[in-house]
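Just so you know, residue 1 is the first one in the sequence shown, and it goes up from there.
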Amino acid sequence: MEGLNSTPYPSTSDLLYDPASNANVVPLLDTLYCSVIGPLSEDSCRKEDKDSKLPSTSDSLYCSVVGPIIQEFLAVLVFAFSFTFWRHLQQRQKSNRRKGGPQVPGSPSNPSDLSLTSPRPSSNRSSRTNRPVKRDDKAAEPAVRKLLQGPKSDDTNGLSEAAEVEAAEKEMLQSLHRRDFTDALNLFRLVERRYKEATFKEELFSEFVQAAVRVGKLDVFEKMIRFMQSKGMVPSTAFWQDTLRILSTRKNYSACLLAHSIFASPSATAPHGVLPPGNRVIYSCLVNAALEMGKHEEAADLLNEYKASQDEPKDYNIFFRAYRQLGNIEAAIGLFKEIGGAESLSTMVLNSLLMACTSTTTSPGSSVLASPVSSACIALRALEVLYEAKATEEKENPIVDVQSCNIVMKALASKEESERVKWGGRATASSNVTSITKLLEDMVSWRLEPDASTLGAVLEAAVAHLSESLVTVAVRVLSSSHRAFDGLKFSMHLRNISKHVSVAQALALYEEMKRRRVAVNDVSVFGVLIKGCIGMRDLDRAMLLVKDMKSLNLKPDDLIYSQLLDGCREANRLQLGQELFQAMLESGVQPSAFTLMAMLKLFGRNGAHDEAYDLVESWERRFGVKPTVLHYTCLLSATTKGRCYDQAWRAYQLMKKAAVRPDGTALATLLSGMVLSQDWSRVVDVAEAALGLGSTAVPRQSLISALEDVQASSASPEVIRKAGSLLRGIGGHHTSRSSASNWRSP
């Protein structure tokens with residue numbers, strides 16, 4: 001056992017301490033470790049065979065393999081035992097600390113050794129953290145700890161009651177700043193129970209209210225408001241603003257009205273209640289909350305309350321916005337007249353009134369407050385207000401601007417007026433068109449230059465009322481204006497005017513925009529204008545539009561090319577159409593089914609049947625799109641009308657080869673051509689194909705007439721016999737009179 005005193009292995013006595021005996025634990029682990037592992041490492045590995053000077057084979061294997069494994073296993077076992085024993089001692093230390101027993105040196109509860117065992121906690125705590133901090137009663141201030149743990153104090157023993165409440169208020173504010181809402185609320189309830197007459201500063205209630213709204217505790221919000229009201233507190237303007245703002249932001253509109261009703265209700269300290277200050281932010285939130293809740297009468301009462309206050313200058317936009325939602329035009333106009341002279345008016349007030357007059361939509365439940373003005377004369381009432389405001393303004397302080405005129409212009413563009421109104425001091429039978437025209441003329445005399453919104457309203461009215469005169473007025477205004485206009489905003493108007501009003505007027509507007517260098521970077525707009533030109537049979541104008549497109553780096557699509565090809569067909573300009581088709585391919589535009597149809601019609605109109613046949617035959621191979629039965633029917637119709645019956649039969653064979661099933665229209669067209677060509681065997685083949693589609697594919701009378709013509713002809717007996725069989729199959733009868741003269745070339 002000499003190795004026990006001279007062992008080189010480390011001792012664990014430094015880490016183990018028995019708080020019960022206040023002495024170090026006997027180094028049992030050292031003894032076990034040295035007594036077991038020591039002999040294995042020193043004696044066993046040096047054992048030699050008595051009969052040989054070399055170590056035995058079994059001992060060598062033991063020392064090289066088994067010995068190290070056992071040594072490592074015992075080391076792990078000792079570590080596990082020591083760790084378990086250390087955890088056990090830690091639990092005993094915690095238990096002794098709770099009971100006030102002996103402590104381990106260097107523990108956190110021993111102040112003399114704190115610096116040696118753990119880092120000193122930082123004294124700079126963040127005032128606001130994202131995660132709530134758990135309250136530690138012992139870490140609180142002495143007054144708060146005394147409030148929480150001890151009995152009530154008096155002025156002769158410790159802190160006074162006022163000091164304790166003040167300390168508690170300070171601690172509550174700190175908890176709220178740390179976002180520890182629950183801790184602050186518990187402390188508030190404790191103070192409320194202990195000190196019935198305790199009062200706090202408005203700052204504490206403001207923090208509590210905002211915290212309660214943030215966490216969704218509206219019951220706490222109501223409790224704080226009622227507590228303030230019971231103590232006779234008069235909230236400041238800042239309190240109202242902060243509270244109503246956060247409530248409105250989170251759409252707690254009922255809480256806004258609740259706060260107002262609580263303070264407005266009579267109390268012991270305020271028999272007539274306490275109304276909020278006449279601040280625009282406060283009443284804007286309150287009125288908006290009432291409107292959102294559908295409480296229109298309460299909104300009207302709030303407006304009257306705000307109107308009667310004398311604290312601050314009024315923000316009349318609040319009134320006009322509310323009247324617009326309430327649908328009360330007469331109240332809005334009455335307030336405008338009540339405001340008085342030009343010195344009390346402003347452009348913003350006028351525009352708010354005009355918006356109230358023109359955008360009034362009576363919401364459900366507001367019929368009591370709605371004005372009796374019919375919707376048919378809303379726009380004209382706004383027009384009257386505009387002229388009255390213009391008559392009262394001063395030259396040095398104008399209140400009518402371009403936006404004011406635009407508001408009325410848009411209203412006139414959407415309503416059709418058909419009644420006599422008093423306008424500018426004269427009784428005039430007016431409509432929207434005449435009203436807009438007159439207003440534009442007056443804007444020029446008022447030296448108000450129309451902008452893009454003005455022209456947009458005029459063009460909308462032109463489309464709504466199908467008025468070419470308004471388009472002419474818009475072109476004239478555009479030509480005389482010095483403003484810069486965005487072509488994108490005019491694209492829709494050009495398209496609508498071309499579709500619904502007049503292509504000529506749309507082209508006139510386009511030419512003026514082109515002169516003013518207002519670019520139209522929209523392919524669809526050019527497509528509509530080109531289609532209009534083709535409809536007017538003005539192919540040259542359409543080609544000029546294509547040239548304008550290319551100058552703007554716009555690429556015509558397949559629909560535009562198809563429209564141009566239709567124009568070439570109408571003008572019998574085959575060569576131009578072929579050039580356009582070739583230019584289309586060179587520009588990389590993929591032809592569509594519409595393009596093929598336009599080309600077939602162009603070839604058919606000009607008798608180029610071979611070119612049409614070649615185009616259909618090579619279309620799928622060149623462009624990857626298979627022609628449909630409509631394209632083959634178009635080819636059959638063109639060849640039949642051109643009396644090229646062999647070409648028609650050739651096209652039919654191509655159709656069968658492409659596995660395109662003909663429909664009734666294609667077979668009826670081909671049948672008439674074969675009858676006129678008196679090729680009776682082909683007539684029988686077409687009739688048989690038509691019967692294969694069904695009895696209704698081709699008119700029954702047409703089939704009977706064609707087969708009777710075959711029987712009356714000098715065709716071969718086999719053809720006549722086949723025609724008779726088909727005729728009996730459809731219920732026809734034989735006639736000796738040839739009816740070939742009944743067929744007319746389509």
Side-chain angles (χ1 to χ4, degrees), residues 202 205-206 208-210 212-214 216-230 233-267 270 272-328 331-332 334-335 338-339 348-349 352-353 355-356 359-366 368-370:
E202 185 183 89
F205 291 104
S206 180
F208 258 121
V209 163
Q210 296 194 44
V213 175
R214 278 196 300 268
K217 298 291 185 180
L218 295 183
D219 56 333
V220 178
F221 163 80
E222 182 179 356
K223 176 182 176 64
M224 295 300 167
I225 295 298
R226 293 191 181 278
F227 188 91
M228 293 177 64
Q229 193 258 359
S230 65
M233 298 181 64
V234 179
S236 63
T237 302
F239 178 87
W240 277 108
Q241 289 178 343
D242 296 339
T243 302
L244 295 177
R245 274 173 178 159
I246 191 171
L247 289 172
S248 299
T249 301
R250 297 176 181 267
K251 298 184 178 181
N252 293 321
Y253 302 118
S254 59
C256 293
L257 300 179
L258 177 63
H260 175 268
S261 63
I262 289 175
F263 281 108
S265 60
S267 63
H272 300 288
V274 177
L275 297 179
N279 179 264
R280 63 182 187 87
V281 175
I282 297 174
Y283 278 93
S284 178
C285 294
L286 290 173
V287 172
N288 181 67
L291 293 174
E292 291 291 339
M293 294 291 293
K295 299 180 178 180
H296 301 98
E297 294 184 358
E298 188 170 351
D301 294 339
L302 288 170
L303 289 175
N304 294 331
E305 185 179 303
Y306 177 49
K307 187 177 181 181
S309 65
Q310 303 293 332
D311 298 332
E312 298 180 9
K314 301 296 182 295
D315 184 0
Y316 292 102
N317 293 320
I318 299 176
F319 293 91
F320 293 127
R321 283 197 302 265
Y323 290 146
R324 179 175 58 187
Q325 290 185 264
L326 293 173
N328 199 338
L335 178 61
E338 183 181 341
I339 292 175
M348 183 178 297
V349 171
S352 298
L353 171 63
M355 289 292 294
S359 303
T360 299
T361 54
T362 304
S363 54
S366 62
V368 177
L369 301 173

Are the side chain of Ser206 and the backbone of Glu202 linked by a donor-acceptor contact shorter than 3.5 Å?
no
Contact summary for Ile246 and Gln210, nearest pair of heavy atoms
CD1-O, 3.8 Å
Could you tell me whether a side-chain N or O of His296 sits under 3.5 Å from a main-chain N or O of Gly294, the two making a donor and an acceptor?
yes
Please state whether the rings of Tyr316 and Phe319 are parallel, tilted or perpendicular, taking 30° and 60° as the class boundaries.
tilted
Examine distances only and state if a side-chain atom of Tyr306 and a backbone atom of Asp315 form a donor-acceptor pair shorter than 3.5 Å.
yes
In short, Leu303 meets Ala322 closest at the heavy-atom pair CD1-CB, 3.6 Å
Are Trp240 and Phe263 an aromatic pair by the rule of ring centers under 6.0 Å?
yes
Any donor-acceptor pair under 3.5 Å from Asn252 side chain to Ser248 backbone
no
For Ser230 and Phe227, indicate whether the former's side chain and the latter's backbone hold a donor-acceptor pair under 3.5 Å.
yes
Distance-only polar pair, side chains of His260 and Glu298, donor-acceptor under 3.5 Å
no
Would you name the heavy atoms of Pro277 and Thr237 that are closest together and state the gap between them?
CG-OG1, 3.4 Å
Just by distance, do the side chain of Asn328 and the backbone of Ala331 share a donor-acceptor pair under 3.5 Å?
yes
Measure centre to centre between the rings of Phe208 and Phe221, then say whether the value is under 6.0 Å.
no
